[in-house]
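Down below is the structure, laid out as structure tokens.
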Amino acid sequence: QVQLVESGGGLVQAGGSLRLSCAASGLTVSTNTMGWFRQAPGKEREFVARIRRTDGSTYYADSVKGRFTISRDNAKNTVDLQMNNLKPEDTAVYYCAAAWPWGSTYSSNYNYWGQGTQVTVSS
């Protein structure tokens, strides 16, 4: 079975940083496009970042560009999301997801999902 487990969420002050980690089992992060999405209460799930399986290229939503960095550690089979200069608007449940053979910015393109980790940014 494929399992994605997010960790690292918490409560931070605006301007602070968090590093989320997604531990994968049953799949290899280097052979899947891995993405991070987030969902706030009452809102649709939205794309945050992805790292492409073919070349490791990264892509970010405009709202997080320059502040967030997605990376993968093939040895640990994890994908991380470094979040800097957090804003209250970043408050959401953050989900790790895997897509094969092609990734995108659309949640429907992803095959597997973690349970999410809560990120709360205070004003």
Side-chain angles (χ1 to χ4, degrees):
Q1 295 184 359
V2 172
Q3 188 172 18
L4 303 175
V5 180
E6 303 95 336
S7 62
L11 174 64
V12 298
Q13 191 174 353
S17 298
L18 283 174
R19 187 175 182 89
L20 306 183
S21 183
C22 174
S25 61
L27 65 79
T28 302
V29 299
S30 63
T31 58
N32 288 263
T33 291
M34 304 298 297
W36 285 96
F37 292 77
R38 66 188 183 187
Q39 188 168 21
K43 295 186 177 181
E44 296 292 323
R45 187 169 298 185
E46 67 173 347
F47 168 79
V48 175
R50 70 105 173 96
I51 182 166
R52 194 160 62 190
R53 72 171 182 87
T54 52
D55 58 5
S57 64
T58 58
Y59 185 76
Y60 301 91
D62 288 342
S63 59
V64 307
K65 193 174 299 180
R67 300 188 297 120
F68 291 12
T69 302
I70 187 172
S71 62
R72 66 189 180 201
D73 187 328
N74 295 340
K76 296 180 179 179
N77 202 34
T78 61
V79 59
D80 294 348
L81 185 70
Q82 178 66 47
M83 305 185 296
N84 297 326
N85 192 25
L86 284 161
K87 304 175 181 179
E89 301 84 66
D90 296 318
T91 296
V93 176
Y94 283 70
Y95 297 91
C96 174
W100 190 92
W102 313 115
S104 73
T105 62
Y106 303 107
S107 61
S108 60
N109 185 233
Y110 289 76
N111 308 97
Y112 304 104
W113 295 84
Q115 293 300 309
T117 185
Q118 177 70 48
V119 172
T120 302
V121 184
S122 61
S123 300

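Basis for what follows: all heavy atoms, side chains included, without hydrogens, waters or symmetry-related copies. Values in this document were obtained by computation on a predicted structure and should not be read as measured data. Residue numbers start at 1 and run along the sequence shown.
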Donor-acceptor pairs under 3.5 Å, side chain of residues 94-103 to any protein atom, not counting sequence neighbours: which ones?
residue: Tyr94; atom: OH; partner: Arg38; partner atom: NH1; Å: 2.9
residue: Tyr94; atom: OH; partner: Asp90; partner atom: O; Å: 2.7

If you look only at distance, which donor and acceptor atoms sit under 3.5 Å apart when one is on a side chain in residues 23-35 and the other is two or more places apart or in another chain?
residue: Thr31; atom: OG1; partner: Thr28; partner atom: O; Å: 3.1
residue: Asn32; atom: ND2; partner: Thr28; partner atom: O; Å: 2.9
residue: Thr33; atom: OG1; partner: Arg53; partner atom: N; Å: 3.2

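Hydrophobic cluster membership of Tyr106, counting Ile, Leu, Val, Met, Phe, Trp and Tyr whose side-chain heavy atoms lie under 4.5 Å apart directly or via other members: none, as it forms a cluster of its own.
Judged by distance alone, the side chain of Glu44 and the main-chain N or O of Gln39 form no donor-acceptor pair under 3.5 Å. The main-chain N or O of Val121 is found under 3.5 Å from a side-chain atom of Thr91 such that the two form a donor-acceptor pair. Counting only distance, with no hydrogens or angles, the side chain of Asn109 and the backbone of Ser104 share a donor-acceptor pair below 3.5 Å.
Within 6.0 Å of atom CD in Gln115, 12 or fewer heavy atoms from other residues, nucleotides or ligands are found, so the atom counts as exposed in its surroundings. Applying the 6.0 Å contact sphere to NZ of Lys43 captures no more than 12 heavy atoms from other residues, nucleotides or ligands. Within 6.0 Å of OH in Tyr59 there are 12 or fewer heavy atoms belonging to other residues, nucleotides or ligands.
Residue Ala92 comes nearest to Ala40 through the heavy atom pair CB-N, 3.9 Å, listed as atom of the first residue, atom of the second, then distance. Here the closest heavy-atom approach between residue Leu81 and residue Ala49 is recorded as CD1-CB, 4.2 Å.
How far CG of Asn85 is from CZ of Arg67: 6.0 Å, rounded to the nearest 0.5 Å. One finds the OG atom of Ser63 at 8.0 Å from the NZ atom of Lys87 (value rounded to the nearest 0.5 Å). Annotation: the span from Asp73 atom CG to Thr78 atom OG1 amounts to 4.5 Å, rounded to 0.5 Å.
Linking ILVMFWY residues whenever their side-chain heavy atoms come closer than 4.5 Å, directly or via other members, places Val2 and Trp36 in the same cluster. A continuous path of hydrophobic side-chain contacts links Val48 to Leu86 [ILVMFWY only; heavy atoms under 4.5 Å]. Grouping the Ile, Leu, Val, Met, Phe, Trp and Tyr side chains by contacts below 4.5 angstrom, directly or via other members, places Leu20 apart from Phe37.
A heavy-atom distance below 4.5 Å is found between the side chains of Ser17 and Gln82. When side chains are defined from C-beta on, Gln3 does not count as touching Tyr112, because their heavy atoms never get closer than 4.5 Å. Thr120 has its side chain out of reach of Val12: every pair of non-hydrogen atoms, C-beta onward, lies at least 4.5 Å apart. Looking only at side-chain heavy atoms (C-beta outward), Val119 and Val93 stay at 4.5 Å or farther from each other.
Residue pairs that meet the salt bridge (Lys or Arg N to Asp or Glu O under 4.0 Å) test with at least one member in residues 10-35, sequence neighbours left out, are Arg19-Asp80. Annotation: disulfide (SG to SG under 2.5 Å) contacts involving residues 29-81, sequence neighbours excluded, are absent.
Judged by distance alone, the side chains of Ser57 and Arg52 do bring a donor and an acceptor atom under 3.5 Å apart.
Under the 6.0 Å cut-off for aromatic ring centres, Phe47 and Tyr60 do not qualify, their centroids lying 6.0 Å or more apart.
Listed by chain and number, the residues in a ring-ring contact (aromatic ring centres under 6.0 Å, His included) with Phe68 amount to none (sequence neighbours excluded).
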